There are 2 protein chains.
Amino acid sequence: MTQNIGRDTAPTIADVAKLAGVSRAVASRALSNEPRPVSADKRERVVEAAARLGYKPNLLAQSLTTKTVNLIAVVVNHIHDLSDLDLFDRLLDQIQSIGKQVIMIRIGSVARVEEFLRNGVAYHVDAALVFSDFADAPTVRRMFRSDLVVMLNGLHDDLSPVVMPDEGSGIAEAVANAAKKGVKRAGLVTGRSSSPMEQARIGFYRQAFTKNGIELVHTVQGDYSYESGHAAAKELAGADCPDAIFCTSDAMAMGILDVCRADFPGNRPTRFRLYGFDNLSLTDFDAYPISSIGYDKSVYVEHIVDFIANPGDFHPGQPPVIVPTTYFPRLTA
Amino acid sequence: MTQNIGRDTAPTIADVAKLAGVSRAVASRALSNEPRPVSADKRERVVEAAARLGYKPNLLAQSLTTKTVNLIAVVVNHIHDLSDLDLFDRLLDQIQSIGKQVIMIRIGSVARVEEFLRNGVAYHVDAALVFSDFADAPTVRRMFRSDLVVMLNGLHDDLSPVVMPDEGSGIAEAVANAAKKGVKRAGLVTGRSSSPMEQARIGFYRQAFTKNGIELVHTVQGDYSYESGHAAAKELAGADCPDAIFCTSDAMAMGILDVCRADFPGNRPTRFRLYGFDNLSLTDFDAYPISSIGYDKSVYVEHIVDFIANPGDFHPGQPPVIVPTTYFPRLTA
DNA sequence: CTGTTAGCGCCTTCAC
DNA sequence: GTGAAGGCGCTAACAG
């Protein structure tokens, strides 16, 4: 700590003011990002004093008076799914680019939510982005004492902003593609059906099947994971195999592909066509050329960050912001 | 905000005290986690008042007096690599389990570091965990005004604690395995050689090759990515193909495997054996049964969290905490 | 333009 | 066991 000789504690704005020979208020103004009235020479002296002392403002103390911490809570179940990788990096980058930082909160289980509420481990963040489906909008607003919670888990009410993919469009495209290729009998591999988003997704598939004259001959429940796809493959790809298998996650489709790889010589389907969901970047790897459904993650993240950058733009009751999904053809279909 | 009628602002400890009919000091003591002298009946009244108001302490204001925010900065280049997935979830979970929260800081580029330093976008966190190799120990200590920075990027000095895998042990094992199988000529695919950790890693390979009488016939530089593995394959697996190819990341090995899949019928090597590094959970997928080198992530994370839970245990000059790596045989070798 | 004053919400002496 | 008072670091409001 060469820049702070004789003190064992970090320099405060008072130290800077003293060294520059001005009042604390002037020092504060000189160091502010906003334009504030300070004479040129004093500003210079303050800036130099700050540099000499290695002064860094205590953003937490600052927040006490300004009522804004520049902190965004991102609430997730866990960071485990392959699709997370594609999303969170963009999200971090975008949020930081508007001058805010991210507190990552991993819920893990419902018990954890209650623990948070009980222990009051709640920061007064500017906004919360909720991917976890363990908490609904009112709960999250209470957790963070903030009305600005962007719900991304399907559990929204109309008091808080919402960004959501329109899964229907991509699903319709994918199923139409299958129909065009002569698919008559389909299998469907789903995730946790307790989730409202998953319910809606399944509804879109059924609807599209009906519209295209495809019969849904078999439904298997998985949990979005590769392993559950593995298991589902044994049930589905038996003697009475459907013409196409649709999965509500790419990971499950990967599991199926690995079990049935012999049915895809040169990655071209023979016995059945395979469709995933998420459009993971992993589907660009040669081993998993899975036709999938996805949306533009950049656009999605931009909408989210818009809400936290311009909180005033949202008015209760406003309809959700919708991001369209599309079909991404690859070798398995 | 039914619990807060007539006020548009969150309840403070003063509100609780007033409602309970006690002084702010008593309210503070009653709500404290530490045992503090308060009469039983007053404590009860305070607790009830807090519940009725839906009071949650402002942890940031609290930090002003207690000098501890329960905030840990995790500094990364980006969250992009597949190996990140296996690590960060555990890390988040462990840190939260000691009652602290994580603020994720993505550096992205060297320019960003300087931006951080210039703008003072630095919270007074309790500790910083540094995975990014864009910042060295003194820089990070300055960024966060904290001496407790755990360096995990190879850029440590002895003023701050260090946890690092002993990559030598796993590499020695893997190379010995190759030698036992008759490998005489090896290829090596590396990552960014500017990183000191990568330099050390390469050194371990060379050393092991020498010890086992294996000749290093070809080195190709990649960047840890799948794509760079793809590119490297074309250079390496030509006419003069080595008996074994070692990669300093599993993703690169995956790229090579995909290009040369014909050389691994039934995932068994014919022309050359293939070794990766990281022991990604993805190598448990059937399509990428890559023999790899890795360490116990749980143990690694436990050591890190130990340091932040018991900061007093570290003394400057203390040697790094070492986590051993081992060889994980799979089909490609 | 400048300095003084008064808080933000909380905790900790220190007397009682 | 209790309450009053002071201060953490900072900035907004107000006089000058």
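Note that the coordinates shown come from a computational prediction; the quantities given were computed from them, not determined experimentally. Order of the sequence lines sets the chain letters (A, B, ...), proteins ahead of strands, with each chain counted from 1.
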In a table with atom names and distances, give each donor-acceptor pair under 3.5 Å that connects a side chain of residues 155-164 of chain A to protein atoms at least two apart or in another chain.
unit_1: A:Asp157; atom_1: OD1; unit_2: A:Arg141; atom_2: NH1; d: 3.2
unit_1: A:Asp157; atom_1: OD1; unit_2: A:Leu159; atom_2: N; d: 3.1
unit_1: A:Asp157; atom_1: OD2; unit_2: A:Arg141; atom_2: NH2; d: 2.7
unit_1: A:Ser160; atom_1: OG; unit_2: A:Arg141; atom_2: NH1; d: 2.7
unit_1: A:Ser160; atom_1: OG; unit_2: A:Asp147; atom_2: O; d: 3.4

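- The ring-ring contact (aromatic ring centres under 6.0 Å, His included) pairs that include a residue from residues 53-78 of chain A are A:His78-A:His80, where partners are two or more places apart or lie in different chains.
- For the residue pair A:Asn77/A:Ser132, the side-chain donor-acceptor check at 3.5 Å is satisfied.
- With D:dC10, D:dT2, D:dG6 as the choices, the nucleotide that has an atom nearest any side-chain atom of A:Gln62 turns out to be D:dC10.
- Axis angle, first five pairs versus last five pairs of the helix from C:dC1-D:dG16 to C:dC16-D:dG1: 40°, rounded to 10°.
- With sequence neighbours excluded, no residue forms a salt bridge (Lys or Arg N to Asp or Glu O under 4.0 Å) with B:Arg36.
- With sequence neighbours left out, A:Asp313 forms a salt bridge (Lys or Arg N to Asp or Glu O under 4.0 Å) with no residue at all.
- Straight-line distance from the CD1 atom of A:Ile13 to the C1' atom of D:dC8: 14 Å, rounded to whole Å.
- With sequence neighbours excluded, the residues forming a side-chain contact (heavy atoms from CB on, under 4.5 Å) with B:Gln318 are B:Phe307, B:Phe314, B:His315, listed by chain and number.
- Applying the salt bridge (Lys or Arg N to Asp or Glu O under 4.0 Å) criterion to A:Asp126, with sequence neighbours excluded, gives A:Lys100.
- The nucleotide range of DNA chain C contacted by chain B, defined by atoms under 4.0 angstrom from heavy atoms of the protein and reported 5' to 3', is C:dG9 to C:dT13.
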Distances under 3.5 Å between protein N/O atoms and the N/O atoms of nucleotides 12-16 of chain D, please, pair by pair.
unit_1: D:dA13; atom_1: N6; unit_2: A:Arg29; atom_2: NH2; d: 3.2

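- Across the interface with DNA chain D, nearest-nucleotide mapping of A:Ala61 and B:Val22 shows B:Val22 to be the residue nearer the 5′ end.
- With sequence neighbours excluded, the residues that form a side-chain contact (heavy atoms from CB on, under 4.5 Å) with B:Ala20 are B:Val22, B:Arg45, B:Val46, B:Ala49.
- For B:Asp306, the salt bridge (Lys or Arg N to Asp or Glu O under 4.0 Å) criterion is met by no residue, not counting sequence neighbours.
- Qualifying ring pair (Phe, Tyr, Trp, His ring centres under 6.0 Å) partners for B:Tyr295, counting only residues two or more places apart in sequence or in other chains: B:Tyr300.
- Side chain of B:Arg24, nearest nucleotide from D:dT2, D:dG6, D:dC10: D:dG6.
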